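Heads up: the structure comes next, in structure tokens.
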Amino acid sequence: MKYTRLIGTKDILPGETFPWIALQNILRDTSARFGYREIITPLIETTNLFIHSVGDVTDIVSKEMYSFKDKGERDITLKPEGTSSVVRAYLENHLTDLSKPVKLYYIDRFFRYEKPQKGRYREFYQYGAECFGSDSPAVDAEVIQLAFHLLMSMGMKDLILQLNSIGCPSCRPQYREQLVAFLTLHEKDLCSECKLRAVKNPLRVLDCKKECCQAVLAGVPITTNHLCPDCSQHFNTLQDLLTVLGLPFQCNSRLVRGFDYYNRTVFEISSTSLGSQSALLGGGRYDYLVEMLGGPPTPAVGFAMGLERAMMIIQEANSMDFFEPSTHLWIANFGGITLTESLSIANQIRQAGIRVEVDLEGKGIKKSLEAALKRGIPYLLIIGEDELKNRLFTLKDLQKKDQQSLTLQEIIDTIRNSQTNPL
RNA sequence: GUGGGUGUAGCUCAGUUGGUUAGAGUACCGGUCUGUGGAACCGGUUGUCGAGGGUUCGAGUCCCUUCACCCACCCCA
């Protein structure tokens, strides 16, 4: 094979595209039901945007970005995540002037230089929702409600919501201090990576899965015990709201996120029916990011969902019905004038919204019959010289196995009125 | 980045202790068949046996290297 697809990329083939589109339809429809509006941002951004928003000590920025210089010597990066771009566009296009809260969503593709495995690619699709301009816990609750609504519209079950609060600039420093003190005390028992994390990004130590670290973490100071009164109240109100809304959750004091811009609420929804790559969706509050990127103080909440993993669950559970439009009518002909006429008649029938294909090689009835049956096409139209004489064509119903001589209009009516393969 | 598994036709797979020109099914194309049912029969195309090197008179088979895919770790969605 001379050319092959790049590692970690995927072709979506005929037969697979329609489930994707159907999934996107669900995402758009559900988002609209919550008042979210779609935003489309460029695939590329300046590299600094991600360094400043996601954080330069995160794995994504430090080793997973597709970055390059363009011919104008500009530093450019293929988007590794969506929130940074949305915030940039929100500021650059003065969406700050819209009445708050501003609710946006995106369906986009992103790039991360990671080792591919099940449900994870280097080029991947994400849906994301972002809500700007309110620090009310009701926004957190509604965003989580949207997340559940989306997943359930896809027919998903076995969902687990994990919830935590990681505080704000007025309470996190103190917590961080205690955490670092604790980690320093137990430094010798931590794994080599966590020894580094303890200095650079101590919160990340909390979700290390290594046994040695887990043992140490048994006695670790817990974020939710160190929240300031405002954060604490915010977190409690959110939990009350979720309870009232009937959204089941587990508080997990070890839950943290991989991006630096989060504060207060963080959450993750996973599915027990996935293997190791079980996280379907994750997000949280980022009240300081807009300001960090040069905008006015603007509290915000959001989450992102990986669509490959969602597709895997949907397909395994067979939980969505996909309808791919397929051809209604195949036209058999005998070449020459009958082929020319077939092309012309096909277009007349298409005007009525019917999906028509013509035997472009004029190989006669037998071959067309086989072709139509092989493709599962329900109707076959025969256009030969006999038919052309009196403009009465032979329409075969391949399911009922009968045929009749009809005018063009009668053919259109017959196909439109049939229940198979609707328009 | 680390570890394990797998690579033979578009797809599913045979291929003996190393032995001639690498096979089957399926798919695809053509014919029987220039106006009627998914068939049947006949014929045809497709492989650098993942790639490179080594051992050998001889390698799909043994050895080394490498690449890709799958799975797990890491990380993330």
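Computed from a predicted structure; not experimentally measured.
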With a non-hydrogen cut-off below 4.0 angstrom, is [X] in contact with a base, only sugar-phosphate, or nothing?
| X | result |
| --- | --- |
| A:Y121 | base |
| A:G384 | base |
| A:L369 | base |
| A:L307 | nothing |
| A:E370 | nothing |
| A:G8 | sugar-phosphate |
| A:E387 | base |
| A:E81 | nothing |

Base-pairing mate for B:C73 - Watson-Crick or G-U, with both contacts under 3.5 Å: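 Its partner is B:G1.
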Under 4.0 Å from OP1 or OP2 of [N]: is there any side-chain N or O of [X] that close?
| X | N | result |
| --- | --- | --- |
| A:K63 | B:G1 | no |
| A:K374 | B:C28 | yes |
| A:R257 | B:A77 | yes |
| A:K363 | B:G30 | yes |

Measure the distance from [atom1] on [X] to [atom2] on [N] and round it to the nearest whole Å.
| X | N | atom1 | atom2 | value |
| --- | --- | --- | --- | --- |
| A:L398 | B:A39 | CG | P | 14 Å |
| A:I365 | B:U36 | CD1 | P | 6 Å |
| A:Y127 | B:A77 | OH | P | 16 Å |

Shortest non-hydrogen contact between A:P116 and A:G8, atoms and distance: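 In terms of heavy atoms, the two residues are closest at CG-CA, 3.7 Å.
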Contact summary for A:Y261 and A:Y286, nearest pair of heavy atoms: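 Reported closest heavy-atom pair: O-CB, 3.3 Å.
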Ring center gap for A:Y36 and A:F34 short of 6.0 angstrom: no
Check every atom of [options] against the side chain of [X] and return the nucleotide holding the closest atom.
| X | options | value |
| --- | --- | --- |
| A:K367 | B:C73, B:U36, B:G31 | B:G31 |
| A:R309 | B:U36, B:A77, B:A72 | B:A77 |
| A:K366 | B:C33, B:G35, B:A77 | B:C33 |
| A:Q403 | B:U36, B:A77, B:G37 | B:U36 |

First encountered from the 5' end of RNA chain B, between A:I7 and A:D59: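 Nearest-nucleotide comparison on RNA chain B picks A:I7.
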Distance-only donor-acceptor test (3.5 Å): side chain A:K396, base B:G37: yes
Any donor-acceptor N/O pair under 3.5 Å between B:C74 base and A:Q117 side chain: yes
Parallel, tilted or perpendicular: rings of A:F303 and A:Y127 (30°, 60°):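 The rings of A:Y127 and A:F303 sit tilted, inter-plane angle from 30° to 60°.
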Geometric class of the A:Y66/A:Y113 ring pair [parallel <30°, tilted 30-60°, perpendicular >60°]: perpendicular
